[in-house]
Structure formats: structure tokens, C-alpha cells
> 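Questions regarding the structure given below will be posed in turn.
Both backbone and side-chain heavy atoms feed into the values below; hydrogens, waters and symmetry mates do not. Just so it is clear: chains get the letters A, B, ... in the order the sequence lines come, proteins before strands, and each one is counted from 1.
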Protein chains: 2
Amino acid sequence: MQELVNKVLNNSQLEPKLADEIMTIGRLKKVKAGGVVISPESDSNEMPIVLEGLLKVMRRDPNGNEVFLYFLEGGETCAMSITCCIEGKKKAFNVIAEEDSVLWMIPMGHIDSWVVKYPSFRKFVFDAYQTRFDEMLNTIDSVVFLKMDERLYKYLLDKKQASGSFVINKTHEQIANELNTSRVVVSRLLKQLEKEEKIEQHRNRIEIL
Amino acid sequence: MQELVNKVLNNSQLEPKLADEIMTIGRLKKVKAGGVVISPESDSNEMPIVLEGLLKVMRRDPNGNEVFLYFLEGGETCAMSITCCIEGKKKAFNVIAEEDSVLWMIPMGHIDSWVVKYPSFRKFVFDAYQTRFDEMLNTIDSVVFLKMDERLYKYLLDKKQASGSFVINKTHEQIANELNTSRVVVSRLLKQLEKEEKIEQHRNRIEIL
DNA sequence: GATCGTGTGTGACAAATGTTACATCGGACG
DNA sequence: CGTCCGATGTAACATTTGTCACACACGATC
């Protein structure tokens, strides 16, 4: 376990001293696929770093509609958690475990002092922001510039990329929720993608070709 | 002019010493309405703070389509510039003067050391990130959850809010570009809004009621 | 193997949005 | 005043997306 943390921290190029601190101060958290890591209701004051697995960040509107925003992969952290915690604001998003995942939770209290002390941590934080902005812009691109069929296909490819697997275990209904459309539409478009031989469909499972 | 800078910096609650530094190191820049402040091509290494006026941030896709993301008002800065400059990455957005504006341009070289030295600057930067994330989420909400008529009306209200004026001097074509739709659609929906007595239309000008 | 719940396929239709074409209007300018 | 150009209005139609209804398929369980 310690090795896992170390490995991730090393990959992030954090100074050994900082890695030590993070190691000492943080705590391990395991989440099963589908489990909630962060929700608007929870006011945890911890910043999660993904050690293993995959998280997904979703936006939910007041009427209960949802959209998928982006994934958080190994070594990444949730930039929005940082700002929210610092500002003490309510989170405006949900973070859900897309796969069984292992997280390292760091109490926010130390962020400020680490930013001051460790150049590598500043870089880590700014990198996180940069990446998240990119992902958000990417999401906006999909939603604004693409038609639903392209958006769906892009979603499948992203998921493949993030999970490292050609197989996607989701129902049409679940996918429809993440794209904020209806199940029927997803079925229709998936059928189309199948005809174009871009995917293969099975029950509860889609294979990217 | 110095007073203007000072006023804005004070409103941002920056320490006097930092305000001094910013004052000394920055430079004034004036942009006329419609002028480009940041574009993917420009690789300026400066972070703009809005002293007066209004900037708008637009996303452009490879095909030349655009969408409006959010406004930058007095006292605000472009968080994405910060990360981009730090990472030396190409900007993925355009910043355009929505009105004649006055900016204070700060070379990025100092950011890192200020983050270390000044708590108030850390707060300033994190605030900027927080606000931008909120704006982005807001944009995503509009685009994903709203129909075009609602989105258009929200756009008009946002613009009114940001400019502080009930009058919007834009053509239907310009609005269509910012919402990434067609002129005809905008005309249609604006007519509708007029019937609902939410707006009044004139040539090149819309009044919010 | 019969039953049941959930997931998927599909037709028919409705609503929203995009497109094309053309008419009209208003202001600028000669 | 007449001309011209860009801005707006509008009809007709195409495409995309959403909705409803229902059939069918698959796997689990008894």
C-alpha cells in the first residue's frame, strides 16, 4: 500500500520531503464502483488523489438532470475540490467511482502551506487546474459543436481511453444519463455505430472496434 | 491612471506591498471594443487584469465555429492565461474586448514568487480559478440543460448583468455566433421574446425589459 | 422449461433546431 | 431623393432529437 502511494507520488514528481508529508498526513480510502466520493451534500475537507481505479465527475442540475464532465485517472486530483474547500463553498458537482478505486485523501488544511513550501506542489496544483480546464473545454466542445452521434462515439472512445479497455459495461440507459439524452436515442445511435462497424453490442456491454 | 490601478487592487484586497509590485511591474493596455486581447496564436506571457471595461472569453473549434464562455469584469483576471503561461501551452481560447477596456498586464514571470510571498495573492489566484470553474459549469449548464430560447434569454440577462446596461448593441448575426447557432434561429426566438414582452427590438439594439 | 424483470429494437410521431430563399426595412451616402 | 447595403422578418422545408408505445431478447430464478 505504501508502495502504491509512493509510486503515484513519484510519478507526479513531488519532492521526497513532500511525498513523506503527504504519506504521513493522508489516509487511504477505498470506493467500490458506483460509490460516491464527493457530492454537493458532503462537505468533506479532503482532496482526493487517485491511486488506482477511475473516478468520473458529473454535473447535476436542480431538476436532477446530469451530464458527464470528465474522468479522473491515476495520479490525478480533483481541482475543483481544492478551490471549493479553500473557499468553503458548496460543491457543484458529483464525483463517482467509475471502477473500484483506491484514493489517498489529504486534509485541505495543509494545501496552503505546501503551496508555499514546495515548488513541485505548486506545479502539481497548477497542472491539475490546467488539465481540468482542458477537460472542461473538451466537454464544452463535444456538447456545443458535435451532434449526438459524434458525441456518443467520442464518449465511448474517451471511456475506452480512460479505462484502458475496449469493453464498456454499461446499459444504454446509463449512457443516456451521462449524455443527458434518452435511452431510445442512445439505442438508435448505437445501432447505427454497429452498422458502421465501429462497435459491437452485447447485453450490458459494448465493444469498441 | 495610477489611482485606477490602485482602486482595483485594493478591491481585490491585495497587500499594499504586493500592490506596489504589481504597479511597478505591470503595464497599461487599452483595447477598443472588438479588439483581441488573447488568441491561440498570440503567445504573450502576460496575465491581464481588467481595470475598466469588459472582456469576453470565447472558445473556437478547428472548423472556425465559436461559443461564448463567459465575461471578465473589472478586477477579474483570466485564470486560463495563468495556467497556460505557466505550462507554456498554447491557449485554447480567445479573449476579446466586449467594450472599450483598460487592462493591467502583468508578466507571468513573477507569479510563482508572488504565490509564495503573498497570502493575498494566493487567495486572488485561487479565487480566480474558482470563479472561472463556476462560469464554465454555468456555461455547460446552459448548453446542456437549456433549450435555445432559454439559453438565448439567459445570455441576454448575463450580458445585461455584466455590462450594467439594459441595452445590448448587437446584431442577430453576432448573437448567433456567440451561441453557435444560426441568425434565422436567433431572429425567430427574439421575436418570440418580444411577444412575451421580455425584450424590445430595434436595429442593432435590443432592450431588456 | 416457465416466469419475470430488465435491457434492447423499432415504428410512428412530436418538437426543436437548422437551412434556404426571398421580402422588407432602415440608415448611410452620394 | 434615390441607391445600396446590411439587418431583420418570415415561410417552407430538412434534419435532428425527443417521446410514446410496444415487441422481443436474455439471463436469473424457481
> I need the CG-P distance between N204(B) and dG6(D), as an integer number of Å.
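That distance rounds to 12 Å.
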> What is the distance, to the nearest angstrom, from the CG atom on N65(B) to the C1' atom on dG18(C)?
13 Å
> Tell me which residues in residues 180-197 of chain A put a heavy atom below 4.0 Å from DNA chain C, sorted by number, or none.
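Nucleic-acid contacts, sorted: R183(A), V184(A), R188(A), K191(A).
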> Among R183(B), K191(B), Q201(B), which one satisfies side chain to side chain donor-acceptor pair (under 3.5 Å) with H172(B)?
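Option passing the side chain to side chain donor-acceptor pair (under 3.5 Å) with H172(B): Q201(B).
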> What is the ring orientation for W114(A) with F121(A), classed by angle as parallel under 30°, tilted 30 to 60°, or perpendicular over 60°?
perpendicular
> In whole angstroms, how far is the C1' atom of dC25(C) from the NE2 atom of H202(B)?
15 Å
> Could you state the atom-to-atom distance from CZ of R203(A) to C1' of dC24(D) in whole Å?
11 Å
> Separation of K170(A) atom NZ from dG7(C) atom P, in whole Å?
13 Å
> Report the distance from atom CD1 of I175(A) to atom P of dT8(C), rounded to the nearest whole Å.
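Distance, rounded to whole Å: 8 Å.
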> Distance check needed: dT15(D) P versus L146(A) CG, whole Å only.
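Checked: the CG to P distance equals 20 Å.
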> Could you tell me if E41(A) and S39(A) have a donor-acceptor pair between their side chains, going purely by distance under 3.5 Å?
yes
> Regarding R60(A) and the six-membered ring of F93(A), is the cationic atom NZ or CZ under 6.0 Å from the ring centre and inside 45° of its axis?
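Negative - R60(A) is either too far from the ring of F93(A) or too far off its axis.
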> Roughly how far, to the nearest 0.5 Å, is OG1 of T139(A) from CZ of R132(A)?
10.0 Å
> Salt bridge (Lys or Arg N to Asp or Glu O under 4.0 Å) for E98(A) and K159(A)? Distances and angles first, verdict last.
CA-CA 10 Å; E98(A) 174 80 358; K159(A) 165 78 178 162; 2.6 Å; yes
> For the pair made of CZ in R205(A) and P in dG27(D), what is the distance, rounded to whole Å?
10 Å
